[in-house]
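Below is one structure; the comments refer to it alone.
Excluded from the calculations below are hydrogen atoms, water molecules and symmetry mates; all remaining heavy atoms, backbone and side chain alike, are included. Chain letters run A, B, ... following the sequence lines, proteins first, then strands; residues in each count from 1.
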Amino acid sequence: MSLKLYNTLTRKIEEFTPLQQGKVGMYSCGPTVYSHPHIGNFRSFLVADLLKRFLEFKGLKVTHIMNITDVGHLVDDADEGADKLEEAAKKQKKDPLEIAKFYTESFLEASKLLNIKSPDKYPKATEHIKEMIDMIKILVDKGYAYVVGNNVYYDVTKFANYGQLSGNTLDDLNAGARIEVNQEKKNPQDFALWKHDTKHLQQWDSPWGKGFPGWHIECSAMSSKYLGAEFDIHTGGEDNIFPHHECEIAQSEAASGKKFVHYWLHTHFLLFDGEKMSKSKGNLYTIQELLDKGFKKNAIRYSLISSHYRQNYNFTFDGLKAAEQAIDKIQQCVLLLTDLRGNKKEGKIREQLQKLASNCLTEFENALSDDLNISKALAVCFDFIREVNKASDMNSAEAAVMLDTINKIDSVLGVLETIDKEVPDNIKELAEKRKTAKLGKYWKIADDVRAEIMALGWTIEDTPDGGCRFKRREET
RNA sequence: GGCGGCGUAGCCAAGCGGCCUAAGGCGUUGGUUUGCAAAACCAAUAUCCGUGGGUUCGAAUCCCACCGCCGCCUCCA
């Protein structure tokens, strides 16, 4: 089944056709590294990860780029004031790059915990100033941008399609203007490509004097450098639609004369307990804070990807607990299958089971092909698991097929732990002790030993064949 | 003010005109299994999809009105 995606640009669900057969170029707006990223940021990054993994599941070769913004966007409006990185730098009395480095590491660490596949490149804004300047020069040469003193602005009236992505018209924007008009600009909506400000800590030389780049140009410059002027997919949070992505389109298409991005995907905001997350409400949790509360990292991942990306998902602690249980259910099935596969029970793969597995994968793919219908995909997964649990008479070849199916599903979901087979000797000894007690029907002793094993952080479960299975109650 | 979305069981959440006497997960209750557990399996947990109208042979799904909630509109993923 072909992939269908909702394209913000056309406001329609469209069939996805890559520019080059079998290959996909994908750009995701990454973090601005001035603070620890929170779960809301990560929902957007996880949606990009889910999409990328699914494209790969379908056999496409994905080139994925995610920028790291280490030169700040401006705090107030696009024209005045300090930028966020600079503010953090001043507050902490540190160099902006030091701040950026610190939070970049925090971001990368959390990404790793959430099992986000590393993009092919994480380009940094400060390492692409030259590319940005080159693009600004082109825009000035072509007449889309104008220079006023040491500043360069983009003239939005020169770009006919300005507003196409967000649905804003210049008239609407004029009417709703909430900020004071900068006298230098020809039109209130014109945005800065290059700014001069002697107070700014980060400054670079340019044809227009010392200054720093505007806050949209980096994505235009870096995406074209790594993916070409025209590419397939661009992802980001819903708030990026305007002005950021609108301005990106204006810059990129004006500079190259080509269509910029074919499919725009925007993840809606996460709510926490039904409310918008914000600093003032104190509900902007970071990954580390949730781990500190005892939640598991894959439960966080599961929770954040388990609802549709174009829906405001309501994130709750209860939801996180439910996610832990759901993952356990899959994990438990993997344990069962691993045992069955190792049982050396010979036999052919029964047609009925072969079909169960292949149907599961087909339906899973169909579900996600429908604009990433993850709820449906998870339902397929759990239906499959129920059937597998019922077929406990499987031979090892059959178990291997089922295991393979779950692993393929998890190549997209990315929530399973690799099963740690290393059971410590002391746990094994206790298990032996319990077994002996059980054989002698000394139930009290057997139960005490089980409690002891529990206290050591392991769970012991008896299997029907008289053996037992260990599970470590994982720390996060 | 402009634009957009949502309201489905105790909770989360699919379904978007007939296969719905409404998926799936979590939770709860009962049962099977077990020495007891755990896990698993079975069954029950919405006769109905915010409210009121309408269209239709047929609506959770389309239209209208109303109520409630939420998001975006140059800080934000």
Side-chain angles (χ1 to χ4, degrees), chain A residues 11 28-32 34-35 37-48 72-79 81 83-84 87 166-169 171-173 175-179 188-189 191 215-216 235-244 246-247 266-271 274-279 284 302-303 306-308 310-316 318-333 335-336 367 373-383 385-386 388-390 392 438 441-444 446-447 450 454 459-464 468-469 471:
Chain A
R11 269 156 254 218
S28 298
C29 274
T32 301
Y34 68 104
S35 69
H38 53 76
I39 50 175
N41 302 105
F42 275 108
R43 162 132 117 138
S44 166
F45 305 147
L46 279 164
V47 165
H73 293 170
L74 295 163
V75 153
D76 282 332
D77 50 66
D79 309 316
D83 73 40
K84 292 182 291 192
E87 268 208 341
S166 60
N168 288 328
T169 63
D171 284 347
D172 285 347
L173 289 169
R178 306 198 301 209
I179 54 169
Q189 297 79 25
F191 54 91
W215 61 314
H216 308 299
T235 75
E238 59 174 325
D239 59 312
N240 283 152
I241 296 172
F242 190 85
H244 188 51
E246 192 75 69
C247 295
H266 292 100
T267 305
H268 284 226
F269 274 133
L270 205 61
L271 304 177
E275 284 193 313
K276 183 178 172 167
M277 300 194 303
S278 69
K279 272 187 189 143
L284 273 182
Y302 183 101
S303 197
S306 66
S307 77
H308 194 79
R310 282 193 291 118
Q311 209 69 54
N312 286 118
Y313 177 63
N314 186 16
F315 189 91
T316 61
D318 283 347
L320 223 35
K321 280 182 212 134
E324 280 179 15
Q325 286 309 115
I327 295 169
D328 264 358
K329 190 170 202 149
I330 309 174
Q331 201 86 60
Q332 190 71 28
C333 184
L335 285 172
L336 172 75
N373 188 338
I374 186 74
S375 300
K376 181 79 198 299
L378 288 171
V380 169
C381 174
F382 285 108
D383 283 340
I385 281 169
R386 190 183 317 107
V388 168
N389 281 332
K390 277 196 259 186
S392 53
K438 277 180 67 180
K441 296 189 197 273
Y442 298 116
W443 308 125
K444 175 76 172 73
D447 290 350
R450 182 166 61 195
M454 278 283 257
T459 302
I460 185 164
E461 294 178 356
D462 297 335
T463 52
C468 64
R469 181 152 66 209
K471 285 201 289 191

Is_stacked (A:Trp443, B:rG35) at 5.5 Å, 30 deg: yes

field: Nearest-Å distance for atom pair NZ/P, residues A:Lys438 and B:rA37
entry: 13 Å

field: Candidate nucleotides B:rA39, B:rA77, B:rG35, ranked by approach to the side chain of A:Asp447 - the nearest
entry: B:rG35

query: With sequence neighbours excluded, what pairs up with A:Lys444 under the salt bridge (Lys or Arg N to Asp or Glu O under 4.0 Å) test?
result: A:Asp448

Nucleic acid footprint by protein, nucleotides 6-23 of chain B - heavy-atom cut-off 4.0 Å, B for base, S for sugar-phosphate alone: S-----SSSS-------B

message: Could you tell me how far apart A:Phe269 (CZ) and B:rC75 (P) are, to the nearest whole angstrom?
response: 12 Å

query: What pair of heavy atoms forms the shortest contact from A:His268 to A:Asn312, and how long is it?
result: CB-ND2, 3.9 Å

- request: Please assess A:Thr235 against A:Ser44 for the test side chain to side chain contact (heavy atoms under 4.5 Å, CB included), listing each intermediate value before the final yes or no.
  value: CA-CA 8 Å; A:Thr235 75; A:Ser44 166; 5.6 Å; no

Partners meeting side-chain hydrogen bond (donor to acceptor under 3.5 Å, both in side chains) with A:His38 (sequence neighbours left out): A:Asn41

query: Hey, does A:Gln332 reach any base, or is it just sugar-phosphate, or nothing, if we go heavy atoms under 4.0 Å?
result: sugar-phosphate

task: State which residues pass side-chain hydrogen bond (donor to acceptor under 3.5 Å, both in side chains) with A:Ser375; sequence neighbours excluded, sorted by chain then number.
output: none

query: When all nucleic acid strands are considered with a 4.0 Å heavy-atom cut-off, which category describes A:Lys390: base, sugar-phosphate, or nothing?
result: sugar-phosphate

query: Taking only residues two or more places apart in sequence, or in another chain, which ones meet A:Phe45 in a ring-ring contact (aromatic ring centres under 6.0 Å, His included)?
result: A:Phe42, A:Phe107

field: Separation between the C1' atoms of B:rC66 and B:rU28, rounded to whole Å
entry: 36 Å

- prompt: Between A:Lys441 (NZ) and B:rC36 (P), how many Å, whole number?
  reply: 11 Å

field: Atom-to-atom span, CZ of A:Phe42 to P of B:rA77 - whole angstrom
entry: 11 Å

- prompt: If you find the nucleotide of RNA chain B closest to A:Glu461 and the one closest to A:Lys444, which residue's nucleotide is nearer the 5' end?
  reply: A:Lys444

message: Output the rounded distance in Å from CG (A:Asn389) to C1' (B:rA38).
response: 14 Å

message: Can you check the distance between B:rC36 and B:rU21, where both ends of the measurement are the P atom (answer in whole Å)?
response: 42 Å

message: According to salt bridge (Lys or Arg N to Asp or Glu O under 4.0 Å), who are the partners of A:Lys471, at least two apart in sequence or on a separate chain?
response: A:Glu461

message: For a quick check, tell me whether the side chain of A:Arg450 and the base of B:rA37 share a donor-acceptor pair closer than 3.5 Å.
response: yes

- request: Provide the distance between the two P atoms, one in B:rA13 and one in B:rG31, to the nearest whole Å.
  value: 32 Å

- request: Check salt bridge (Lys or Arg N to Asp or Glu O under 4.0 Å) between A:Asp239 and all other residues, then give those that pass, not counting sequence neighbours.
  value: none

- prompt: Taking CG from A:Asn41 and C1' from B:rC76, how many angstroms apart are they, rounded to a whole number?
  reply: 8 Å

- prompt: Counting any heavy atom closer than 4.0 Å, what does A:Leu336 reach on the DNA or RNA strands: base, sugar-phosphate only, or nothing?
  reply: nothing

- line: So CD1 of A:Ile374 and OG of A:Ser306: to nearest 0.5 Å the spacing works out to 7.5 Å

query: Distance between the C1' atoms of B:rC48 and B:rU8, in whole angstroms?
result: 9 Å

query: Base, sugar-phosphate alone, or nothing: which one does A:Lys321 contact when heavy atoms must sit under 4.0 Å apart?
result: nothing

field: Separation between CD1 of A:Ile330 and CD of A:Gln325, rounded to the nearest 0.5 Å
entry: 12.0 Å

- prompt: B:rA59 and B:rG54: how far apart are their C1' atoms, nearest whole angstrom?
  reply: 12 Å

- line: 5'-most contact on RNA chain B (nearest-nucleotide basis), A:Glu238 vs A:Pro243, goes to A:Glu238

message: Rounded to whole Å, please give me the gap between NZ in A:Lys329 and P in B:rG27.
response: 8 Å

- prompt: Reading RNA chain B 5' to 3', what string of ( ), [ ], | and . shows its pairs, if Watson-Crick and G-U wobble pairs count only when both distances fall under 3.5 Å?
  reply: ((((((((.[[[..)..(.....]]]((((((.......))))))....[[[[[..)....]]]]])))))))....

task: Output all residues satisfying salt bridge (Lys or Arg N to Asp or Glu O under 4.0 Å) with A:Arg43, sequence neighbours left out; order by chain, then residue number.
output: none

- prompt: To the nearest Å, how far apart are A:Ile327 CD1 and B:rC26 C1'?
  reply: 12 Å

